[in-house]
J.: 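Questions regarding the structure given below will be posed in turn.
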Amino acid sequence: MYAPYLLTTSNAWKQINGLFTGNPEIPQEIQDKNREIYRNFIEGTNGKRIVYLNGYTELRRFLVNVLKWQDDDNHTLPQMKEYKNFILMTEPEKGVLLAKDICEYIADRENPLYDSEKAQANAFRMLTEEMLCPPDLLVHCINNKLIPDAQLPDGTEKELVQQNADFIARHSLLYYYRGD
């Protein structure tokens with residue numbers, strides 16, 4: 001039996017047997033590759049951890065010129081050609097993450113693709129639809145108040161959504177989000 005205070009402390013819920021599956025062990029060669037990707041990203045963006053790219057041509061250029069991937073269809077994500085915009089975010093442990101077709105919803109001063117009208121209509125989906133926004137990026141957006149136009153789908157309660165974005169994501173996305 002667990003004392004109630006244990007369940008309210010950060011990460012205590014992970015100690016309950018069967019409730020949480022731990023993170024998988026990452027092989028050393030993948031850890032090294034992720035750190036290399038991180039270094040290339042940071043060096044190529046003058047220290048920025050997030051970039052917004054308009055279209056596949058910009059994505060491919062970034063992969064080749066900044067991340068130093070081979071310039072051929074086996075290495076430059078040709079399956080992404082059908083999408084219109086991309087967000088790349090880097091972390092030393094994880095390398096790089098990719099989000100597609102959500103640039104319009106993120107009100108970052110570095111994001112030239114932000115569109116308030118599209119954000120009002122669609123940003124709430126980032127809090128409720130798995131796979132739309134990678135969890136690390138979503139946590140970053142919530143913590144930095146980068147989705148100020150997120151509101152209920154009926155176009156109401158923007159302030160309520162802003163005040164409770166983390167709760168909404170935790171409740172809707174469950175383990176996908178794991179914003180701890």
Side-chain angles (χ1 to χ4, degrees), residues 10-15 18-114 123 125-147 165-166 169-170 172-180:
S10 178
N11 295 322
W13 59 274
K14 290 182 180 180
Q15 306 307 313
L19 183 62
F20 175 74
T21 56
N23 292 326
E25 188 72 27
I26 300 172
Q28 187 63 45
E29 69 182 51
I30 293 176
Q31 290 179 38
D32 293 343
K33 186 66 175 169
N34 288 346
R35 282 191 287 279
E36 177 187 342
I37 289 170
Y38 174 80
R39 277 191 307 276
N40 290 343
F41 193 110
I42 294 299
E43 287 173 11
T45 62
N46 296 316
K48 294 179 188 173
R49 290 183 41 241
I50 298 175
V51 294
Y52 302 90
L53 305 170
N54 190 10
Y56 177 75
T57 301
E58 285 188 21
L59 173 64
R60 185 171 178 142
R61 188 177 311 121
F62 188 89
L63 297 175
V64 171
N65 296 340
V66 175
L67 297 185
K68 302 180 185 349
W69 291 11
Q70 287 182 296
D71 190 5
D72 63 57
D73 280 347
N74 291 325
H75 295 91
T76 54
L77 308 176
Q79 68 272 29
M80 294 293 150
K81 288 180 181 178
E82 68 185 82
Y83 301 103
K84 59 185 179 223
N85 59 60
F86 304 93
I87 302 170
L88 294 175
M89 179 177 177
T90 191
E91 293 289 339
E93 304 82 30
K94 297 180 182 179
V96 67
L97 66 78
L98 170 72
K100 59 189 182 323
D101 291 346
I102 60 170
C103 288
E104 294 95 341
Y105 315 151
I106 300 175
D108 185 340
R109 60 183 159 75
E110 299 289 329
N111 179 10
L113 303 170
Y114 174 68
R125 294 176 43 229
M126 291 173 58
L127 303 172
T128 60
E129 290 181 25
E130 284 185 18
M131 307 300 288
L132 184 63
C133 182
D136 292 352
L137 178 59
L138 184 56
V139 168
H140 174 79
C141 289
I142 290 170
N143 289 343
N144 292 286
K145 303 192 182 323
L146 298 179
I147 48 174
D166 181 69
R170 286 179 186 273
S172 299
L173 301 173
L174 302 173
Y175 287 118
Y176 176 77
Y177 178 62
R178 285 189 359 210
D180 50 18

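The chain is numbered in sequence order, starting from 1.
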J.: Please report the interatomic distance CD(E93) to OH(Y38), rounded to the nearest 0.5 Å.
T.: 8.5 Å

J.: Any side-chain heavy atom of T90 within less than 4.5 Å of one from I50?
T.: no

J.: Should Y105 and R125 count as side-chain neighbours, where that means a heavy-atom distance under 4.5 Å?
T.: yes

J.: Among D166, L127, I102, which residue satisfies the side chain to side chain contact (heavy atoms under 4.5 Å, CB included) criterion with L138?
T.: L127

J.: Hey, could you give me the CD1/CG distance between I37 and L97, rounded to the nearest 0.5 Å?
T.: 11.0 Å

J.: Considering only heavy atoms from C-beta outward, does the side chain of L63 approach that of H75 to under 4.5 Å?
T.: no

J.: Could you state the interatomic distance from CZ (R49) to CG (L137), rounded to the nearest 0.5 Å?
T.: 9.5 Å

J.: Crowded around E29 CD? As in, over 12 foreign heavy atoms under 6.0 Å?
T.: no

J.: Can you find a heavy atom in the side chain of I147 that is under 4.5 Å from one in the side chain of M126?
T.: yes

J.: Do T45 and E110 have side chains that get closer than 4.5 Å, going by heavy atoms?
T.: no

J.: I'd like to know if K48 and D108 make a salt bridge, using a cut-off of under 4.0 Å between side-chain N and carboxylate O.
T.: no

J.: For the OH atom of Y52 and the CE atom of M89, what is their distance to the nearest 0.5 Å?
T.: 9.0 Å

J.: Keeping D72 on the side-chain end and N74 on the backbone end, is there a donor-acceptor pair under 3.5 Å?
T.: yes

J.: Just by distance, no angles: are the side chains of D136 and H140 close enough, under 3.5 Å, to form a donor-acceptor pair?
T.: no

J.: Measure from NZ or CZ of K100 to the centre of the six-membered ring of F86 and say whether it is under 6.0 Å with the direction within 45° of the ring axis.
T.: no

J.: Going by atom types alone, do D32 and Q28 pair a side-chain donor with an acceptor below 3.5 Å?
T.: yes

J.: Working to the nearest 0.5 angstrom, can you tell me the gap between I87 CD1 and N111 CG?
T.: 6.5 Å

J.: May I ask you to say whether E36 pairs ionically with R39, meaning some side-chain N is under 4.0 Å from a carboxylate O?
T.: no

J.: Using modelled atom types only, decide if a donor and an acceptor are shared between the side chain of D73 and the backbone of P78 within a distance under 3.5 Å.
T.: no

J.: Is a side-chain donor-acceptor pair under 3.5 Å present for N85 with E104?
T.: yes

